[in-house]
Amino acid sequence: MSKHIELHNLIHESCKELDFSGVVLVKQGTEILSESSHDYANRSDRLPNTPGTRFGIASGSKLFTSIGIGQLVEKGVLSFDTRLKDCLDIDFPHFDERVTIHHLLTHTSGIPDYFDEEVMSDFEELWKERPVYHMRSLKDFLPFFQSSQMKFTPGDRFHYNNAGFILLGLIIEQQTRQSFTDYIESEIFQKAGMESSGYFSLDCLPFNTAVGYIEEENSWRTNLYSIPVKGGADGGAFITASDMINLWEALFSYKLVNEETTGKLLTPHIHVNGEVHYGYGIWMNQRNEEIYKYHVMGYDPGVSFRSSHYPGLDLKLSIPSNRESGPFEVTKSIEGYFESIKTDSIILQ
């Protein structure tokens, strides 16, 4: 049996076992090893997912924000050490004046979050006071955290923080005089050949876009009333699986930012735990001081996403889903396959 067929069968069995809904794309070098679509983009009308279906990717979008900041650093508009107070004309009465762009990019700023996973577990609870359909711009998030107290001293530790990326998006808006989404679509998506990707409103989705589904007892409901109506700097872009592969290729060939800036984005700035480190908007796994995996992920009600790049194998995975789980498990199955054949003697975990 050819290795392509073996891999494809493994993915098919894994997706069947998981009742996976989405797309799985595996590319090595210039060759697509496997591409498959599963379940429905629209369950009501029984419209199937296809390779060209667009999916929400939640926090998988943070890398786009980081690249946007990197572009402004290259132009000399900012540096990664620029203080928040020196590049954003919004008052935060209780924020530490030492907070920098580096702190925001690495989740080490200590600023309060609008959704703090240490004290909240249900993302939908946020919208009881402020209806989710009002959340259409970055400034709409400010009332959730603008006047709150710091959680810790800047640089003290890693604590995942969505509000920090909201601020990075506001910095991009102030410095470019464009809306955040217009800037990212023109300066990143277009330059990376991500022709089908964008920031779309949930109440006005374009054709061939998957609806996100939340599982309930013996039924499903859509995520229309569960997440902000339009995504932004902390998450919520829509992409196709192949567009995400294009993003990896454009990033690593320095089409979006130059080699020096790309190196800064991809530096393991913060140790998170075990082999896991964090750069600027991107996770990475490191062993023996070698990075063997770069990856982004996203989870929202009705959304789950994983995309990875393994430099030693020249291997890229893109696995978006319009349900709340599946991509992580499919990723592990694919990694297990490459471990079993010991390609280039690299063992993945």
Side-chain angles (χ1 to χ4, degrees), residues 8 10-26 34-62 115 117 120-127 132 162 196-203 205-231 234-245 283 295-308 317-335:
H8 193 76
L10 171 79
I11 292 169
H12 178 78
E13 289 302 315
S14 178
C15 290
K16 183 178 179 181
E17 182 179 328
L18 293 163
D19 196 21
F20 176 77
S21 180
V23 171
V24 182
L25 179 57
V26 184
S34 181
E35 183 176 35
S36 58
S37 310
H38 308 265
D39 208 67
Y40 294 111
N42 183 313
R43 300 181 69 83
S44 300
D45 296 327
R46 295 191 172 274
L47 298 176
N49 282 316
T50 70
T53 300
R54 305 177 240 226
F55 294 86
I57 62 169
S59 288
S61 314
K62 285 185 170 67
F115 178 69
E117 296 176 11
M120 301 178 70
S121 59
D122 185 359
F123 191 62
E124 295 181 74
E125 288 289 315
L126 280 173
W127 318 122
V132 71
N162 288 292
S196 298
S197 300
Y199 291 85
F200 311 129
S201 296
L202 292 182
D203 55 2
L205 291 176
F207 76 100
N208 211 4
T209 303
V211 175
Y213 289 98
I214 301 164
E215 186 174 4
E216 297 190 326
E217 189 174 351
N218 300 319
S219 67
W220 299 87
R221 62 183 171 91
T222 74
N223 63 358
L224 179 61
Y225 300 114
S226 305
I227 59 177
V229 69
K230 186 174 183 178
D234 63 328
F238 286 82
I239 57 95
T240 62
S242 60
D243 273 1
M244 191 63 208
I245 299 293
W283 304 86
H295 54 113
V296 292
M297 65 183 88
Y299 297 93
D300 265 344
V303 176
S304 53
F305 171 70
R306 288 263 174 162
S307 187
S308 314
L317 312 182
S318 182
I319 311 176
S321 172
N322 57 333
R323 293 189 195 169
E324 294 182 33
S325 64
F328 171 76
E329 292 81 2
V330 176
T331 298
K332 301 307 285 186
S333 294
I334 296 169
E335 289 179 348

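Not measured: the values here are computed from a predicted model. We're numbering straight along the sequence, starting at 1.
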Supply the atom-to-atom distance [X] [atom1] to [Y] [atom2], rounded to the nearest 0.5 angstrom.
X: Lys62; Y: Met297; atom1: NZ; atom2: CE; value: 10.5 Å
X: Glu13; Y: Ser333; atom1: CD; atom2: OG; value: 10.5 Å
X: Phe305; Y: Ser61; atom1: CZ; atom2: OG; value: 8.0 Å
X: Ile239; Y: Ile57; atom1: CD1; atom2: CD1; value: 5.0 Å
X: Leu10; Y: Ile334; atom1: CG; atom2: CD1; value: 7.5 Å

With a 4.5 Å heavy-atom cut-off, do [X] and [Y] have their side chains touching?
X: Phe238; Y: Leu202; answer: yes
X: Ile214; Y: Glu324; answer: yes
X: Thr222; Y: Tyr213; answer: yes
X: His8; Y: Ser36; answer: yes

Taking only residues two or more places apart in sequence or in another chain, which ones pass salt bridge (charged side-chain N to carboxylate O under 4.0 Å, His left out) with Asp203?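 Testing Asp203 for salt bridge (charged side-chain N to carboxylate O under 4.0 Å, His left out), a comparison that skips the adjacent residues, returns Arg136.
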Using side-chain hydrogen bond (donor to acceptor under 3.5 Å, both in side chains) as the criterion, list what pairs up with Ser196, not counting sequence neighbours.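 With neighbours one apart ignored, the set is empty.
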Identify the heavy atoms of [X] and [Y] that sit nearest to each other, and give their distance.
X: Phe200; Y: Arg54; answer: CE1-CD, 3.6 Å
X: Ser318; Y: Ser307; answer: CA-OG, 3.8 Å
X: Asn162; Y: Asp234; answer: O-CB, 3.6 Å
X: Pro51; Y: Thr240; answer: O-CB, 4.3 Å
X: Ser37; Y: Thr50; answer: OG-C, 3.1 Å
X: Tyr199; Y: Lys230; answer: O-CE, 3.4 Å

Whether the side chain of Asn42 engages the backbone of Leu47 through a donor-acceptor N/O pair (distance < 3.5 Å, no angle test) should be reported.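 No; judged by distance alone, with no hydrogens or angles, the pair does not exist.
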Whether Asn208 side chain and Gly52 backbone form a donor-acceptor pair below 3.5 Å: yes
Which residues share a side-chain contact (heavy atoms from CB on, under 4.5 Å) with [X], sequence neighbours left out:
X: Thr331; result: Lys293, Arg306, Ser308, Tyr310, Leu317, Ile319, Glu335
X: Ser325; result: none
X: Ser304; result: Tyr299, Ser321, Pro327

Evaluate side chain to side chain contact (heavy atoms under 4.5 Å, CB included) for Asn223 paired with Asp300, printing each intermediate quantity in order. CA-CA 9 Å; Asn223 63 358; Asp300 265 344; 5.8 Å; no
Chi angles and distances behind the side chain to side chain contact (heavy atoms under 4.5 Å, CB included) call for Arg221, Ser226: CA-CA 10 Å; Arg221 62 183 171 91; Ser226 305; 3.4 Å; yes
Compile the donor-acceptor pairs under 3.5 Å between side chains in residues 16-26 and protein atoms, sequence neighbours left out, one pair per line.
residue	atom	partner	partner atom	Å
Asp19	OD2	Arg323	NH1	3.0
Ser21	OG	Asn49	ND2	3.3
Ser21	OG	Asn322	OD1	2.6

